[in-house]
Amino acid sequence: QVQLEESGGGSVQAGGSLKLSCTGSGRTFSRLSMGWYRQAPGKEREFVAAIDWSGENTYYADFVKGRFSISRDNAKESVYLQMNNLKPEDTAVYYCVASTIIPTMAPQVLYWGQGTQVSVSS
């Protein structure tokens, strides 16, 4: 079993930046692929970014390419999402996820965090 806890959400103006953090526990963190999903009010959860166990390979949804960057620090059992040039449509609850395979699709996700709110105003 893995427990995930996100932090770093908040409210920013369009064009601003935030860095989300996620800390895992309960299972060897370095053996898991990690990622981020988000869910806006009234919408389905959607894939944002993922990173493999080594941190060498990353994957992004088209709508965040060039703006967001995922990274991990296995020594700290943490994964991060640097979000730049934020847009109002980025407003959502952001969830940290973990899996034994790269979690680019929701059914592949084994563990979900509780979520952290990101609000972007125009």
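From a predicted model like this one, the values you see are computed outputs, not experimental measurements.
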For a quick test of reading the model, state the closest non-hydrogen atom pair linking G115 to V93 and the distance between them.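 Heavy atoms of G115 and V93 come nearest at CA-CG1, 3.7 Å.
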
Identify the heavy atoms of M34 and L4 that sit nearest to each other, and give their distance.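 Closest approach of M34 to L4, heavy atoms only: CE-CD2, 3.9 Å.
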
Table please: side-chain donor-acceptor pairs of residues 96-105 below 3.5 Å, with sequence neighbours left out.
residue : atom : partner : partner atom : Å
S99     : OG   : I101    : N            : 3.3
S99     : OG   : I101    : O            : 3.2
S99     : OG   : Q108    : O            : 2.7

Rounded to the nearest 0.5 Å, how far apart are [atom1] of [X] and [atom2] of [Y]?
X: L110; Y: Q1; atom1: CG; atom2: CD; answer: 12.0 Å
X: I51; Y: L32; atom1: CD1; atom2: CG; answer: 13.0 Å
X: Q82; Y: S17; atom1: CD; atom2: OG; answer: 6.0 Å
X: N85; Y: R67; atom1: CG; atom2: CZ; answer: 6.0 Å
X: E5; Y: T116; atom1: CD; atom2: OG1; answer: 10.0 Å
X: D73; Y: S78; atom1: CG; atom2: OG; answer: 6.5 Å

Exam field: side chain [X] to backbone [Y], donor-acceptor pair closer than 3.5 Å:
X: D52; Y: G55; answer: yes
X: S21; Y: S7; answer: no
X: E6; Y: Q114; answer: yes

Q39 and side chain to side chain donor-acceptor pair (under 3.5 Å): which single residue from E46, R45, E44 fits?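 Only one option passes, and that is R45.
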
With side chains defined as the heavy atoms from C-beta onward, is the minimum distance between [X] and [Y] less than 4.5 Å?
X: M83; Y: K19; answer: no
X: T91; Y: Q117; answer: yes
X: D90; Y: R38; answer: yes
X: L20; Y: V118; answer: yes
X: F68; Y: L86; answer: yes

E89 CD: over 12 foreign heavy atoms closer than 6.0 Å: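 Check passes, neighbour count above 12.
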
Pair D62 + K65, salt bridge at N-O below 4.0 Å: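 Between K65 and D62 there is a salt bridge, with a charged N closer than 4.0 Å to a carboxylate O.
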
Kindly determine whether N74 and R72 satisfy side chain to side chain contact (heavy atoms under 4.5 Å, CB included), including the steps that lead there. CA-CA 6 Å; N74 289 339; R72 68 189 296 164; 2.8 Å; yes

Hey, quick one: are [X] and [Y] part of the same hydrophobic cluster, counting side-chain heavy atoms closer than 4.5 Å, chains of contacts allowed?
X: V48; Y: V109; answer: no
X: V79; Y: Y60; answer: yes
X: W53; Y: W36; answer: no

Listed once per pair and sorted, the ring-ring contact (aromatic ring centres under 6.0 Å, His included) pairs that draw on residues 70-122, sequence neighbours left out: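 As it turns out, the ring-ring contact (aromatic ring centres under 6.0 Å, His included) pairs with a partner in residues 70-122, which skip direct neighbours, are Y37-W112.
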
